[in-house]
Amino acid sequence: MMAAITAARKGNQVVLLEKNEKLGKKLYITGKGRCNLTNACDMDELFRNVVTNPKFMYGSFYSYNNFDTMDFFEEIGLKTKIERGNRVFPESDKSSDVLGVLLKELKRQNVDIRYESEVTEILIKDNSFYGIKLNGNNEIITGVKVIIATGGLSYPSTGSNGDGFRFAKSMGHSVTKLFPSLVPMNVEELNLVKELQGLSLKNIHIGITSKNKEIYSDFGELLFTHFGVSGPVILSASSYCIPYMDNKDLILLIDLKPALSKEQLDARILRDFDEFSNKQYKNALDQLLPRKLIQVIIALSNIDPEKKVNLITREERSRLVDLLKGFKFHITRLRDYNEAVITKGGIQVKEINPSTMESKLVSNVFFAGEVLDVDALTGGFNLQIAWSTAYAAGNAV
């Protein structure tokens with residue numbers, strides 16, 4: 001949609017081919033239906049949040065940055081707001097409003113939208129684009145240039161089945177290994193997570209290690225599920241875990257009290273125990289932990305639940321502190337494309353012109369968005385990659 005609008009604004013006659021019965025199915029479900037459009041951070045942070053091939057994004061980010069995106073949406077009639085972590089959302093909290101203004105702008109720019117039009121082949125002659133073939137009636141539509149913005153493999157229910165990768169390969173492009181990314185994780189300790197299912201922990205710190213080496217750490221929000229863990233910090237962590245999944249020794253450590261050192265946490269626990277000196281241990285953690293977590297922590301601490309807190313030893317207290325500062329899980333696998341926000345991997349960026357998104361192998365073929373081997377963390381950064389690369393392609397045709 002962004003590529004089509006940009007190309008049409010330059011005076012091109014644009015046909016937008018959509019395999020679904022409507023546009024923007026994936027955009028509709030982003031940000032839990034609220035659509036986290038972009039991130040209102042500075043340029044350095046924008047690049048820091050791109051995990052794969054940030055240097056490739058240099059040209060397109062500087063030509064069309066996150067504030068350009070915000071201005072564009074305001075200009076076409078969408079009021080936006082900035083929330084925690086500089087995440088930008090529509091003021092209405094409805095992704096349907098984002099789609100609504102894009103559709104209006106497509107109409108305003110006289111873009112010819114053809115629904116239920118699945119492209120099966122990109123037609124090349126003399127190493128240059130000349131048309132596309134449609135499924136069903138074998139119709140051929142000729143054109144001067146084509147922008148391929150088909151997404152990746154994530155959320156296949158929205159129509160993402162890797163078409164763009166197939167088209168790219170047919171033209172001689174290399175496609176890197178593909179993985180589901182920004183995805184929840186399964187853990188070994190199923191009995192624990194089932195007890196904690198639905199519990200959301202805010203302001204926690206996580207660290208993920210492989211062979212005792214830390215590969216990722218973050219601060220934020222985590223959610224327990226029936227199979228393992230999810231939430232913003234976990235989704236972002238998954239992007240870094242992919243290269244280590246074969247090691248089978250990925251350990252997740254959750255610091256439940258990151259604002260306190262072990263000594264400070266011990267002092268805090270002592271204060272609580274003094275206040276509840278005649279209470280049993282099982283009834284003395286209410287001020288320290290969410291209710292759902294208390295029974296699990298009590299069981300793992302190996303302290304008698306019936307024991308009066310004034311009888312708990314320093315050694316037992318030390319065990320409790322270690323547990324709260326390093327709540328441990330063994331990651332067994334990442335979830336699949338049905339739950340992945342994005343696809344990691346894609347068309348080799350060295351084969352694409354970073355200023356125009358045009359193929360270096362075939363003339364008049366351009367790529368935009370998730371089909372490229374560029375990905376970022378959660379927070380609106382992947383959509384910004386989409387807007388910037390789409391603008392670059394649309395502007396170059």
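The pair K25-E21 counts as a salt bridge, with a side-chain nitrogen and a carboxylate oxygen less than 4.0 angstrom apart. Contact check on R9 versus E75 returns a salt bridge, with a Lys/Arg side-chain nitrogen under 4.0 Å from an Asp/Glu carboxylate oxygen. A salt bridge links D266 to R317: one of the charged nitrogens lies within less than 4.0 Å of a carboxylate oxygen. Salt-bridge check for R34 with E83: passed, with a basic side-chain N closer than 4.0 Å to an acidic carboxylate O. Salt bridge K81/D93: present, at least one basic N to carboxylate O contact under 4.0 Å. With respect to the salt-bridge test (charged N to carboxylate O, under 4.0 angstrom), the residues D163 and R166 qualify. With respect to K282 and D304, no salt bridge is recorded, no charged nitrogen being found less than 4.0 Å from a carboxylate O. At a threshold of 4.0 Å, the pair K26-E370 counts as salt-bridged, since one of the basic side-chain nitrogens sits closer than that to a carboxylate oxygen. Salt bridge present: D112 and R114 bring a charged side-chain N and a carboxylate O closer than 4.0 Å. A salt bridge does not link E91 with K79: none of the charged nitrogens is closer than 4.0 Å to a carboxylate oxygen.
T209 and E214 share no side-chain donor-acceptor pair at under 3.5 Å. For the residue pair S174 and E351, a side-chain donor N or O sits within less than 3.5 Å of a side-chain acceptor on the partner. In the model, S277 has no side-chain atom that pairs as donor or acceptor with a side-chain atom of K308 under 3.5 Å. In this structure, a donor-acceptor pair under 3.5 Å is present between the side chains of T378 and S236. Side-chain contact of T80 with E74: a donor-acceptor pair under 3.5 Å is present, judged by distance alone.
Considering all non-hydrogen atoms of both residues, G85 and N39 come closest at O-ND2, 2.9 Å. Pairing each heavy atom of T332 with each of E188, the nearest pair is CG2-N, 3.7 Å. The nearest pair of heavy atoms linking N338 to P156 is OD1-CG, 3.3 Å. Closest approach of L235 and S230 over heavy atoms only: CD2-OG, 4.1 Å. Taking each heavy atom of T356 and A396 in turn, the nearest pair found is CB-CB, 3.7 Å. Shortest non-hydrogen contact noted between A4 and V111 is O-CG2, 4.0 Å.
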task = Step by step, work out the salt bridge (Lys or Arg N to Asp or Glu O under 4.0 Å) result for D44 and R48.
result = CA-CA 6 Å; D44 285 348; R48 270 199 303 275; 5.1 Å; no
Requested in this report: Evaluate the side-chain hydrogen bond (donor to acceptor under 3.5 Å, both in side chains) criterion for residues D249 and S210: first the C-alpha distance (whole Å), next the side-chain angles of each, then the deciding distance (0.1 Å), finally the verdict.
Outcome: CA-CA 6 Å; D249 66 342; S210 174; 3.1 Å; yes
Given the rule in the side chain to side chain contact (heavy atoms under 4.5 Å, CB included) test, do V349 and I347 qualify, once you have shown the distances and angles that lead to the verdict?
CA-CA 6 Å; V349 294; I347 298 162; over 6 Å; no
Checking M43 against N65 for the side chain to side chain contact (heavy atoms under 4.5 Å, CB included) test, could you report, in this order, the C-alpha distance in whole Å, the side-chain angles of both residues, the deciding distance, and whether it holds? CA-CA 8 Å; M43 197 56 94; N65 64 32; 3.6 Å; yes
Practice prompt. Test N302 against R319 for side-chain hydrogen bond (donor to acceptor under 3.5 Å, both in side chains), laying out the working first.
Written response: CA-CA 8 Å; N302 290 322; R319 273 208 311 272; over 6 Å; no
Working for side chain to side chain contact (heavy atoms under 4.5 Å, CB included), residues S301 and E316:
CA-CA 8 Å; S301 68; E316 288 173 323; over 6 Å; no
(Q) For a ring pair (Phe, Tyr, Trp, His ring centres under 6.0 Å) check, start with the C-alpha distance between F61 and F47, then their side-chain angles and the critical distance, and finish with the verdict. (A) CA-CA 9 Å; F61 272 172; F47 281 107; 5.4 Å; yes
- Take L383 and C35 through the test side chain to side chain contact (heavy atoms under 4.5 Å, CB included) and record every step on the way to the result. CA-CA 9 Å; L383 266 181; C35 193; 4.2 Å; yes
task: Could you please spell out the steps behind the side-chain hydrogen bond (donor to acceptor under 3.5 Å, both in side chains) verdict for D218 and Y216?
output: CA-CA 7 Å; D218 199 4; Y216 187 78; 2.9 Å; yes
Practice prompt. Evaluate side-chain hydrogen bond (donor to acceptor under 3.5 Å, both in side chains) for K19 paired with N161, printing each intermediate quantity in order.
Written response: CA-CA 11 Å; K19 68 153 70 160; N161 66 353; 3.3 Å; yes
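Side-chain atoms of N353 come within 3.5 Å of backbone atoms of S355 as a donor-acceptor pair (strictly under, hydrogens ignored). Formation of a donor-acceptor pair under 3.5 Å by the S154 side chain with backbone atoms of V341 is found in this model. The main-chain N or O of V183 is found under 3.5 Å from a side-chain atom of S238 such that the two form a donor-acceptor pair. Checked by atom type and distance alone, the side chain of D42 pairs as donor or acceptor with a backbone atom of E45 at under 3.5 Å. No donor-acceptor distance shorter than 3.5 angstrom exists from the side chain of T389 to the backbone of A368, with no hydrogens or angles considered. A side-chain donor-acceptor contact under 3.5 Å links T158 to the backbone of Y155. A donor-acceptor pair under 3.5 Å is absent between the side-chain atoms of K22 and the main chain of Y115, judged by distance alone. In terms of modelled atom types and a separation under 3.5 Å, the side chain of D97 and the main chain of P90 share no donor-acceptor contact. With hydrogens and angles disregarded, a donor-acceptor distance shorter than 3.5 Å links the side chain of N127 to the backbone of L361. Without hydrogens or angle criteria, S388 side chain to Y64 main chain gives a donor-acceptor distance under 3.5 Å.
Qualifying salt bridge (Lys or Arg N to Asp or Glu O under 4.0 Å) partners for R84, counting only residues two or more places apart in sequence or in other chains: E221.
When side chains are defined from C-beta on, F73 counts as touching V101, because their heavy atoms get closer than 4.5 Å. The closest side-chain heavy-atom distance from I312 to F273 is below 4.5 Å. The shortest distance between side-chain heavy atoms of L256 and I254 falls below 4.5 Å.
Remark: N212 CG is loosely packed, at most 12 non-hydrogen atoms of other residues, nucleotides or ligands lying under 6.0 Å away.
Following chains of ILVMFWY side-chain contacts shorter than 4.5 Å, one cannot reach Y28 starting from Y337, and the two form parts of different hydrophobic clusters. Placement of L324 and L253 in two distinct hydrophobic clusters is found when ILVMFWY residues are connected by side-chain heavy-atom separations under 4.5 Å, directly or transitively. Cluster membership for F72 and M357, using ILVMFWY side-chain heavy atoms within less than 4.5 angstrom, is not shared. Hydrophobic clustering of Ile, Leu, Val, Met, Phe, Trp and Tyr side chains at less than 4.5 Å, counting indirect connections, keeps M171 apart from F366. Taking hydrophobic clusters as Ile, Leu, Val, Met, Phe, Trp and Tyr residues chained together by side-chain heavy-atom distances below 4.5 Å, I298 shares a cluster with V309.
When each of F167, F367, F165 is paired with H173, the ring-ring contact (aromatic ring centres under 6.0 Å, His included) condition holds for F367 and for no other. Considering V50, I385, V51 in turn, V51 is the only one that fulfils the side-chain contact (heavy atoms from CB on, under 4.5 Å) rule with D375.
Ring pair F224/F329 is tilted by interplanar angle, where 30° to 60° counts as tilted.
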